[in-house]
J.: 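Here it is, the structure in full.
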Amino acid sequence: MPGPLDVFRDGALAGRVALITGGGTGICRGIAAAYARLGAEVCIVSRKQAVLDQTAAALAAETGRAVLAVAADVRDPDAIGRAVQATVERFGRLDTVVNGAAGNFLAPAAALSPNGFRTVIDIDLNGTFHASRAAFEPLQKAGDGLILNISATLHYQGTPLQIHASAAKAGVDAITRNLAVEWGQFGIRVCGIAPGPIAETEGVRRLAPGGVTPQIAAAIPARRFGAIEEIAAAAVFLRSAAAGYITGHTLVVDGGHSIARHQLGLTP
């Protein structure tokens with residue numbers, strides 16, 4: 001059986017230049033690997049340069065392509081602006097931004113501090129806006145720009161212990177729709193991906209204490225947790241010419257988890 005990325009031809013993303021926030025780890029590392037493997041130039045952005053440098057070296061070994069690593073906090077508009085500038089200076093252009101930087105933790109609403117709520121909003125929601133706004137001019141110049149926002153399914157129904165992340169991701173989905181309407185005239189598409197439970201990610205480790213059990217996986221209609229490569233494949237598709245008329249839409253990739261969770265009594 002071919003893997004999720006094997007269906008794409010070699011060089012499918014040749015000529016593309018992508019900046020990926022949160023690219024040092026997890027799902028966004030997987031997207032960075034997929035983009036580089038298929039020929040794109042990639043800049044990964046996160047707060048810790050040491051983590052980024054390790055990831056960039058590993059990605060270069062895996063894909064045979066050098067990856068730019070720029071430390072920046074998406075909560076700081078000036079810092080993410082410098083990361084955009086560094087990407088353009090290195091590669092000459094920028095046509096893709098993947099907004100994947102995120103923060104989350106389990107917390108009852110009654111015990112959640114204002115600072116804890118604000119921090120998640122600042123990273124997930126404000127960070128998505130900051131990176132999108134900073135990249136507007138080079139994306140406009142590219143003529144076929146894409147902003148790809150990594151969302152979630154938490155806010156599709158009420159999710160216990162996740163009011164902060166749910167509020168942030170609902171806002172991210174609103175950014176996707178609104179920027180698609182405003183920036184379509186400039187040749188910029190804006191899409192989202194809402195992953196479900198994805199194995200071997202920090203999200204699952206934090207939000208499913210005790211690990212991925214067969215009982216939890218069995219409650220997902222697909223009867224398994226997703227793989228990072230499956231989210232990366234969706235990100236490749238949305239960057240490809242096959243998705244050229246898709247904008248303002250958030251693609252749910254969750255094995256049916258979000259539509260079955262309420263009736264199955266599942267938490268995230």
Side-chain angles (χ1 to χ4, degrees), residues 1-74 79-80 82-103 127 131 135 138 142 146-150 193 195 197-206 211-212 224-240 253:
M1 290 288 291
L5 294 168
D6 294 336
V7 301
F8 299 102
R9 63 174 174 80
D10 291 341
L13 297 183
R16 296 296 183 189
V17 178
L19 181 149
I20 302 174
T21 72
T25 59
I27 285 172
C28 287
R29 183 201 186 281
I31 294 173
Y35 277 22
R37 169 181 163 181
L38 293 170
E41 305 289 359
V42 173
C43 173
I44 54 174
V45 177
S46 188
R47 289 187 301 124
K48 297 180 180 179
Q49 189 67 53
V51 173
L52 286 173
D53 289 342
Q54 291 176 356
T55 299
L59 290 174
E62 291 172 22
T63 68
R65 300 187 68 84
V67 171
L68 179 63
V70 179
D73 190 332
V74 296
I80 194 64
R82 288 190 293 270
V84 168
Q85 182 179 3
T87 304
V88 174
E89 289 176 353
R90 171 71 172 271
F91 301 118
R93 64 195 299 270
L94 174 64
D95 57 56
T96 306
V97 172
V98 179
N99 286 309
L146 172 70
I147 296 171
L148 181 57
N149 298 325
I150 306 304
I193 297 175
I198 306 299
E200 299 181 3
T201 61
E202 185 64 21
V204 164
R205 284 189 287 270
R206 289 189 180 192
V212 179
R224 64 178 178 85
F225 277 57
I228 288 175
E229 274 202 347
E230 290 176 305
I231 306 302
V236 172
F237 162 68
L238 288 171
R239 175 60 281 186
S240 74
V253 186

J.: Measuring from atom CZ of Arg82 to atom CD1 of Ile80, what distance do you get when rounded to the nearest 0.5 angstrom?
T.: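 Answer rounded to 0.5 Å: 10.0 Å.
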J.: Are the side chain of Ser46 and the backbone N or O of Leu52 linked by a donor-acceptor pair below 3.5 Å?
T.: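 No, Ser46 side chain to Leu52 backbone: no donor-acceptor pair under 3.5 Å.
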J.: What are the two closest non-hydrogen atoms of Ala66 and Glu41, and how far apart are they?
T.: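 Smallest heavy-atom distance, with atoms named: O-OE1, 4.4 Å.
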J.: Would the distance check show the side chain of Arg65 and the main-chain N or O of Ala40 forming a donor-acceptor pair, the cut-off being under 3.5 Å?
T.: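 Side chain of Arg65 to backbone of Ala40, a donor-acceptor pair under 3.5 Å: yes, one is there.
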J.: Could you tabulate the donor-acceptor pairs under 3.5 Å formed by side-chain atoms of residues 90-100, not counting sequence neighbours?
T.:
| unit_1 | atom_1 | unit_2 | atom_2 | d |
| --- | --- | --- | --- | --- |
| Arg93 | NH1 | Gly15 | O | 3.1 |
| Arg93 | NH1 | Asp95 | OD2 | 2.5 |
| Asp95 | OD1 | Val17 | N | 3.4 |
| Asp95 | OD2 | Val17 | N | 3.2 |
| Thr96 | OG1 | Arg239 | NH1 | 3.0 |
| Asn99 | ND2 | Ser132 | OG | 3.1 |
| Asn99 | ND2 | Asn149 | OD1 | 2.8 |

J.: Over all heavy atoms of both residues, which pair between Ala33 and Thr63 is shortest? Give the atoms and the distance, please.
T.: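 Taking Ala33 first and Thr63 second, the nearest heavy atoms are O-CG2, 3.7 Å.
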J.: Can you name the closest pair of heavy atoms from Gly23 and Ile44 and give their distance?
T.: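 Looking at all heavy atoms of both residues, the closest pair is O-CG2, 3.8 Å.
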J.: Could you tell me which non-hydrogen atom of Thr55 sits nearest to which non-hydrogen atom of Gly24, and how far apart they are?
T.: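 That closest heavy-atom pairing would be OG1-O, 2.6 Å.
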J.: How long is the span from the OG1 atom in Thr21 to the CG atom in Asp73, to the nearest 0.5 Å?
T.: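 Reported value, rounded in 0.5 Å steps: 10.5 Å.
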J.: Please determine if Arg37 and Glu62 form a salt bridge, counting it only when a charged side-chain N lies under 4.0 Å from a carboxylate O.
T.: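 Salt bridge absent between Arg37 and Glu62.
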J.: Which distance, rounded to the nearest 0.5 Å, do you find between the NZ of Lys48 and the CD of Gln54?
T.: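 CD of Gln54 is found 11.0 Å from NZ of Lys48.
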J.: With the side chain counted from C-beta on, respond yes when Ile150 and Pro195 share a heavy-atom pair under 4.5 Å apart, and no when they do not.
T.: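 With C-beta onward as the side chain, the pair touches.
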J.: How close do Phe237 and Phe8 get, heavy atom to heavy atom, and via which atoms?
T.: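 Distance-wise, the nearest heavy atoms are N-CZ, 4.0 Å.
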J.: Could you list the donor-acceptor pairs under 3.5 angstrom formed by side chains in residues 227-236, with sequence neighbours left out?
T.:
| unit_1 | atom_1 | unit_2 | atom_2 | d |
| --- | --- | --- | --- | --- |
| Glu230 | OE1 | Arg224 | NH1 | 3.0 |
| Glu230 | OE1 | Ala227 | N | 2.9 |
| Glu230 | OE2 | Arg224 | NH2 | 2.6 |

J.: If you draw a 6.0 Å radius around CG in Asp6, do more than 12 non-hydrogen atoms from other residues or ligands fall strictly inside?
T.: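 More than 12 heavy atoms, drawn from other residues, nucleotides or ligands, come within 6.0 Å of this atom.
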J.: Looking at side-chain heavy atoms only, is the closest gap between Val42 and Leu59 below 4.5 Å?
T.: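 Answer no - side chains too far apart.
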J.: Ignoring hydrogens, what is the shortest heavy-atom contact between Leu68 and Ala86? Give both atom names and the distance.
T.: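 Shortest heavy-atom contact: CD2-O, 3.9 Å.
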J.: Can you list everything that forms a side-chain hydrogen bond (donor to acceptor under 3.5 Å, both in side chains) with Gln49? Sequence neighbours excluded, please.
T.: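 With neighbours one apart ignored, the set is Asp53.
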